[in-house]
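See below for the structure under consideration.
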Amino acid sequence: MPYRYLDDIATADVAFEAWGQTLEELFIAAADATMNVMVEDLTTIIPREHRTIRAEADAIDMLLFEFLQELIYYKDAERLLLRVSRVHIDRRDDHALLAAEASGEELDPQKHELLVDVKAVTLHRFQVERTADGWRAMVILDI
Amino acid sequence: MAIPEDIRKISDTVWEIPPTHKPGMRVPARIYATEKLLREMDEGVFDQVTNVATLPGILKYAYCMPDGHWGYGFPIGGVAAMDARTGVISPGGIGFDINCGMRLVLTNLTYEEVKPHLRELVDKLFQRVPAGVGSTGFVRISHDEFRQVVEQGARWCIKNGYGWPEDLERTEEGGCIAGADASKISQKAVERGYKQIGTLGSGNHYLEIQVAKPENVFDRRLAEAFGITLPNQVVIMFHCGSRGFGHQVATDYLQIFLKVMETKYGIKILDRELACAPFHSPEGQDYFAAMKCGINMSFANRQVILHRIREVFSDVFHKDPADLGLHQVYDVAHNTAKLEKHVVDGEVRDVLVHRKGATRAFGPGMEGLPDIYRETGQPVIIGGSMETGSYLLAGIPSGDQTFYTTAHGSGRTMSRRKARKQFQGKKLQKEMEARGIYVRSVSYSGLAEEAGPAYKNIDDVIEATELAGISKRVVRFVPIGNIKG
């Protein structure tokens, strides 16, 4: 798994670190890290429904913020648990555009072992940075 | 380890960090805690409360209550009163779960009468009050009707048969805060929330059946005024908020504020989660009106849950809810910003009080209290961990030192991940049952995260609020049945 949860940050919430060789890989890893807070086993989510996620922001970190927020939106608005298979990011001088393919199914407590709900992506210590071998993000989710 | 070296002891329960601690601090930070609680606080508290002290328009101090712990933006337990003319409003000072709060309901039943029916009560409540990830409620309404709900709050519920008119006067703001404007909320927020009325959510949200043992009544006069009159009287307490709707409202405005804060208003902050706008700016006023919709959604949510509780007790005991004495004591908000009048430097001023994981605790005689509690002071409902106990407190005159604000719960000391490693949900459920607490949860790991030792000692927290003079103990309750989100 290209992500790990951090035990000692933000007592009542969940912090994670995700990484990837490319920005696209990082975004997919962060999406799984977010869903994995709510669902114990991501492989139990069958790709029956498909959604295209689009986001636009003036910086790459805010693009990740908006992208993760979309997954939380679908979880409440359509009760959809989604996994992201493909991300395309178009970076321009002063803004960035994202199109992602996500698929999954309606949550079913009989089938999906549910953990805790994610309320929101917070901006506390929120970070997307380039590293020696790719990209890394630090995210704290409000529980 | 984490306590800053320049902290100064003001009294046994008040600690001050001076403005020289960090560049940009406009006021000192004050932490309300006994020395023991102070030492248990994580480093995030000190960093975050001093960040809050840098916000424009902050009056007197940036506060942290005795249950304080590391949050995002403000610490949990953070309080900041902003001058309404010159200060800012910040979603990070309210929380994503706008008007997360507590409601306390009486019964005229004793523990002996409830005990034989406890499993049935908890099982039925578990069925009728949905909890957990993405849960939806039984109220089926359109987007347009939901927009009415968020403008009218619990009043909408009473009009539609989900409650009694008396419930309104026993809710902060009469169950409907004035000035909520649904034209200031996004369609996304509506879509996230319109099916979620009457649901608990997850995390630390719960519904509990509790007992007031005679030895746990600390102030008989106030207890009676609040309706605790029988030995071993059973009460119901629950904790939840504005669900996906409130979370989206906060997210929407966090993004709006980030775009204008520095470029349009020249405000610099130390943590982006403290994004803010001048209270009187168009953006600040829009958020205030949208946030009030979140407050009302939460009042409506708790009102519908109360309606379900009355249905379940009525079913189980084959009696009318009125004959079971299912009166609400009060409903308190602990994630809000409210415009209030306070005396600052000898002058009455309009103040926007941000309370994030902190409860308003108005003293006797204060405006804003319903007639039934004008003499007593405000009932303050504090939820402890599911294994230990909870409290009913009262606001007192010396609460003016914190803009009439006190704690909101136990406060965590252990992270969720650590608790999951240390405790097992199924085992915990069995152990609690052996100790007379019957628990149902949609998630065993969620249950493990809420284990008693993951929290501070509730008695220590409440003692600190009483020693500091920001609220007064009335009754302590012990849990016998619990539904966990």
Side-chain angles (χ1 to χ4, degrees), chain A residues 4-16 35-41 55-59 61-63 65-66 68-81 106-110 112-127 139-143, chain B residues 42-45 48 69-73 76 92 95-97 132-136 188 190-196 201-205 241 243-248 250-251 254-255 258-259 271-275 357 411-418 420-421 442-446 449 454 485:
Chain A
R4 72 182 179 103
Y5 297 101
L6 307 168
D7 282 356
D8 292 314
I9 294 180
T11 328
D13 300 309
V14 170
F16 71 80
M35 295 313 290
N36 207 178
V37 173
M38 298 187 272
V39 183
E40 172 74 33
D41 181 357
E56 186 174 357
D58 51 14
D61 57 348
M62 290 310 290
L63 193 69
F65 177 88
E66 294 206 8
L68 296 178
Q69 201 55 54
E70 285 295 299
L71 296 173
I72 297 167
Y73 161 79
Y74 279 115
K75 175 267 303 174
D76 278 330
E78 300 187 27
R79 288 167 52 88
L80 274 180
L81 300 175
E106 192 173 330
L107 67 88
D108 174 1
Q110 303 302 320
H112 307 113
E113 190 184 332
L114 299 173
L115 305 172
V116 289
D117 204 3
V118 174
K119 291 174 179 172
V121 183
T122 83
L123 287 174
H124 179 52
R125 298 202 178 185
F126 188 80
Q127 202 183 18
V139 180
I140 298 177
L141 301 169
D142 183 24
I143 302 300
Chain B
D42 40 33
E43 62 182 74
V45 168
Q48 291 181 331
H69 62 77
W70 195 336
Y72 47 87
I76 305 303
F96 287 97
D97 201 356
V133 181
S135 49
T136 51
K188 263 191 171 163
V190 172
E191 288 167 13
R192 277 185 73 179
Y194 82 110
K195 289 179 182 167
Q196 295 185 331
S202 93
N204 61 357
H205 292 166
R243 307 284 288 113
F245 173 71
H247 312 161
Q248 189 65 39
T251 300
L254 185 63
Q255 288 168 283
L258 274 177
K259 290 197 173 102
D271 174 354
R272 277 190 294 179
E273 192 58 49
L274 289 176
R412 288 190 78 94
T413 51
M414 190 186 291
S415 75
R416 295 189 165 278
R417 307 284 307 180
K418 267 195 180 161
R420 250 167 89 179
K421 285 178 190 163
V442 286
S443 164
Y444 282 115
S445 73
E449 290 179 15

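Just so it is clear: chains get the letters A, B, ... in the order the sequence lines come, proteins before strands, and each one is counted from 1.
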Self-check item: Contacting moiety of Leu107(A), where chain B heavy atoms sit under 4.5 Å
Solution: side chain
Quiz item: With a 4.0 Å cut-off, would you call Asp97(B) and Lys119(A) a salt bridge?
Solution: yes
Quiz item: Between Arg417(B) (side chain) and Tyr5(A) (backbone), is there a donor-acceptor pair under 3.5 Å?
Solution: no
Exercise. Say whether, by atom type as modelled, one donor and one acceptor occur between the side chain of Arg79(A) and the main chain of Gly134(B) under 3.5 angstrom.
Key: yes
Practice problem: Provide the closest heavy-atom pair for Gly71(B) versus Ala10(A) in the form atom of the first, atom of the second, distance. | Solution: O-CB, 4.5 Å
Quiz item: So which part of Leu81(A) gets closer than 4.5 Å to some heavy atom of chain B, the side chain, the backbone, both or neither?
Solution: neither
Self-check item: side chain to side chain donor-acceptor pair (under 3.5 Å) partner of Asp76(A), chosen from His247(B), Arg192(B), Arg243(B)
Solution: Arg192(B)
Quiz item: Salt bridge between Glu40(A) and Arg420(B), side-chain N to carboxylate O under 4.0 Å?
Solution: yes
Quiz item: Got a donor-acceptor contact below 3.5 angstrom from the Ser202(B) side chain to the Asp117(A) backbone?
Solution: yes
Exercise. Look only at the side chain of Glu273(B) and the backbone of Leu123(A), and say whether a donor-acceptor pair between them is shorter than 3.5 Å.
Key: yes
Quiz item: Is any side-chain heavy atom of Tyr444(B) closer than 4.5 Å to a side-chain heavy atom of Glu113(A)?
Solution: no
Practice problem: For residues Trp70(B) and Asp13(A), determine if any side-chain heavy atom of one lies less than 4.5 Å from a side-chain heavy atom of the other. | Solution: no
Quiz item: Are Arg416(B) and Thr11(A) close enough that some pair of their side-chain heavy atoms sits under 4.5 Å apart?
Solution: no
Exercise. Indicate the atoms forming the closest heavy-atom contact of Ile143(A) with Gly203(B), along with that distance.
Key: CG2-CA, 4.2 Å
Quiz item: Roughly how far, to the nearest 0.5 Å, is the CG atom of Leu115(A) from the OG atom of Ser445(B)?
Solution: 4.0 Å
Practice problem: Identify which part of Glu106(A) has an atom lying under 4.5 Å from any heavy atom of chain B, answering side chain, backbone, both or neither. | Solution: neither
Practice problem: Starting from the C-alpha separation in whole Å, work towards a yes-or-no answer on side-chain contact (heavy atoms from CB on, under 4.5 Å) for Glu191(B) and Glu78(A). | Solution: CA-CA 8 Å; Glu191(B) 288 167 13; Glu78(A) 300 187 27; over 6 Å; no
Self-check item: Side chain / backbone / both / neither for Leu80(A) at chain B, heavy atoms under 4.5 Å
Solution: neither
Quiz prompt | Heavy-atom pairs under 4.5 Å with chain A, option from Ile76(B), Leu254(B), Val190(B) with the top count | solution = Leu254(B)
Quiz item: Would you say the side chains of Gln255(B) and Gln69(A) form a donor-acceptor pair under 3.5 Å?
Solution: no
Quiz item: Quick one: is the NZ or CZ of Lys188(B) closer than 6.0 Å to the six-membered ring centre of Tyr73(A), and within 45° of its axis?
Solution: yes
Quiz item: Hey, mind stepping through Met62(A) and Leu258(B) against side-chain contact (heavy atoms from CB on, under 4.5 Å) and telling me if it holds?
Solution: CA-CA 10 Å; Met62(A) 290 310 290; Leu258(B) 274 177; 3.8 Å; yes
Quiz item: Given Tyr72(B) and Val121(A), is the side-chain contact (heavy atoms from CB on, under 4.5 Å) satisfied, shown in steps?
Solution: CA-CA 10 Å; Tyr72(B) 47 87; Val121(A) 183; over 6 Å; no
Quiz item: Measuring heavy-atom distances to chain B, does Phe126(A) have an atom under 4.5 Å in its side chain, in its backbone, in both, or in neither?
Solution: both
Quiz item: Is a salt bridge present between Asp8(A) and Lys418(B), judged by a nitrogen-to-oxygen distance below 4.0 Å?
Solution: yes
Quiz item: Quick one: what part of Thr413(B) sits under 4.5 Å from any heavy atom of chain A, side chain, backbone, both or neither?
Solution: backbone
